[in-house]
Amino acid sequence: MMATADLNVEPIEANFSLKDRIYTTLKAAITSMNIYAEDAELRLDERELSDKLAISRTPIREALARLEQEGLVRIVPRKGVFIVRKSKDEILEMITVWAALEGMAARLITQRASDREIATLRELFSEFGGGGEVTAHIDEYSERNIDFHSQLLQLSQCDLLNEMAANLFMHMRSIRARTISEDDRAKRSIIDHMHIIEAIEARNADLAERLVREHTFDLAAHVAATVDYLE
């Protein structure tokens, strides 16, 4: 029997907003997965979801159809529902768009965020004193790395920018998590982050934007040169 994705969902109480709640719950669970992990299970089981959510399968099907329209899942007749992973070319396009969005976010932070808000970026890495500690605690650093990029978007205080980045974030987060331990990327990553934070602290919008974009394009170069599991 084909293995299925184990989504982290809880029972939903029926009320007038049931359809929206099912959709929101499933989307949140899917976008929190590391779908590019080597052992990621991408098939969803309607019966299993029905049991976990404690609701009938009909509204689940409606929510999955909505998620398919957004490109998050693919419904294959007689085979099931599958979470969508992007091709290598699609990922590279996403990284290019992400570089533009995150670069603008960094620029906006220098103009809009308070000193205290900016200080939270440095606090994310307070427990990592150097490259050796990053390598020794790669799982923890990977989480901080994702938090850093998420925080950049939030501190931009631009709702539309965050909305545009939302559907990209699942893929960006997963690709970063999959590649952070390769080719000393973690050591280079924390150095890049510190330089970005320094530029933001100095309210140097041009430098902050440029450093964020260069950091993202380094990821694109690594994916283009080494990633072969998305072909």
Side-chain angles (χ1 to χ4, degrees), residues 1-98 100-102 105 142-143 145-147 149-154 156-179 229-231:
M1 182 176 179
M2 185 182 297
T4 59
D6 184 19
L7 294 189
N8 184 19
V9 295
E10 297 180 355
I12 293 178
E13 296 180 4
N15 57 36
F16 71 93
S17 61
L18 178 61
K19 290 182 180 179
D20 286 341
R21 292 188 65 193
I22 296 170
Y23 161 78
T24 301
T25 297
L26 291 180
K27 183 172 183 177
I30 290 170
T31 55
S32 68
M33 288 179 61
N34 184 356
I35 64 171
Y36 295 98
E38 190 172 358
D39 58 350
E41 296 294 349
L42 303 179
R43 183 175 176 273
L44 302 179
D45 185 277
E46 288 183 8
R47 180 176 300 175
E48 188 176 301
L49 290 174
S50 176
D51 291 341
K52 285 187 174 183
L53 294 170
I55 54 176
S56 69
R57 294 168 68 175
T58 298
I60 291 176
R61 290 193 186 103
E62 293 175 352
L64 291 172
R66 187 172 169 185
L67 291 169
E68 183 178 40
Q69 290 178 340
E70 295 184 3
L72 289 179
V73 303
R74 183 177 70 257
I75 300 173
V76 183
R78 297 183 297 280
K79 290 188 177 181
V81 181
F82 299 85
I83 299 170
V84 173
R85 288 208 299 195
K86 301 297 184 180
S87 69
K88 182 173 178 176
D89 286 343
E90 288 172 326
I91 288 294
L92 289 172
E93 282 193 352
M94 285 185 168
I95 295 174
T96 298
V97 174
W98 186 269
L101 293 174
E102 198 173 55
S142 180
E143 289 298 321
N145 179 41
I146 302 306
D147 290 343
H149 291 284
S150 176
Q151 190 79 333
L152 285 180
L153 295 174
Q154 294 175 26
S156 73
Q157 300 176 28
C158 181
D159 291 340
L160 182 57
L161 188 152
N162 276 271
E163 290 173 14
M164 293 173 68
N167 283 343
L168 298 179
F169 190 69
M170 172 178 72
H171 302 281
M172 293 297 302
R173 183 192 67 241
S174 296
I175 287 296
R176 287 189 186 280
R178 178 77 185 263
T179 61
Y229 47 82
L230 297 176
E231 298 296 350

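Along the sequence shown, residues carry numbers from 1.
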Shortest non-hydrogen contact from [X] to [Y]?
X: M33; Y: S174; value: O-OG, 3.3 Å
X: N145; Y: H149; value: O-CD2, 3.0 Å
X: L153; Y: A165; value: CD1-CB, 3.9 Å
X: A40; Y: N34; value: CB-O, 3.7 Å

D45 and L49, any side-chain heavy atoms less than 4.5 Å apart: no

Contact check, side chains of L101 and L168, non-hydrogen atoms, under 4.5 Å: yes

Taking the six-membered ring of Y229, is NZ or CZ of R178 closer than 6.0 Å to its centre and within 45° of its axis? yes

R66 charged N/C atom sitting above Y23 aromatic ring, 6.0 Å / 45°: yes

Mind checking the [atom1]-[atom2] spacing from [X] to [Y]? Nearest 0.5 Å is all I need.
X: Y36; Y: M172; atom1: OH; atom2: CE; answer: 10.5 Å
X: K19; Y: I22; atom1: NZ; atom2: CD1; answer: 9.0 Å
X: N167; Y: L72; atom1: CG; atom2: CG; answer: 5.5 Å
X: K79; Y: R43; atom1: NZ; atom2: CZ; answer: 11.5 Å
X: L53; Y: R21; atom1: CG; atom2: CZ; answer: 10.0 Å
X: L161; Y: E102; atom1: CG; atom2: CD; answer: 9.5 Å

Pair E46-S50, side chain to side chain donor-acceptor pair (under 3.5 Å): steps then yes or no: CA-CA 6 Å; E46 288 183 8; S50 176; over 6 Å; no

Any salt bridge between K27 and E70, counting N to O under 4.0 Å? yes

When you measure from the side chain of [X] to the backbone N and O of [Y], does any donor-acceptor pair fall under 3.5 Å?
X: E68; Y: I75; answer: yes
X: R85; Y: I35; answer: yes
X: S17; Y: D20; answer: no
X: R173; Y: T31; answer: yes
X: K86; Y: M94; answer: no

Verdict with reasoning, R74 to V81, per side-chain contact (heavy atoms from CB on, under 4.5 Å): CA-CA 6 Å; R74 183 177 70 257; V81 181; over 6 Å; no

Should F82 and V76 be marked as a side-chain contact (heavy atoms from CB on, under 4.5 Å) after you check the CA-CA gap, both sets of side-chain angles, and the distance that decides it? CA-CA 8 Å; F82 299 85; V76 183; 3.9 Å; yes

So which of I175, L92, D89 actually passes side-chain contact (heavy atoms from CB on, under 4.5 Å) with L230? I175

Could you tell me whether E62 atom CD has more than 12 heavy atoms of other residues or ligands within 6.0 Å of it? yes

Taking atom CZ as the centre, does R61 end up with more than 12 heavy-atom neighbours from other residues, nucleotides or ligands that are less than 6.0 angstrom away? yes

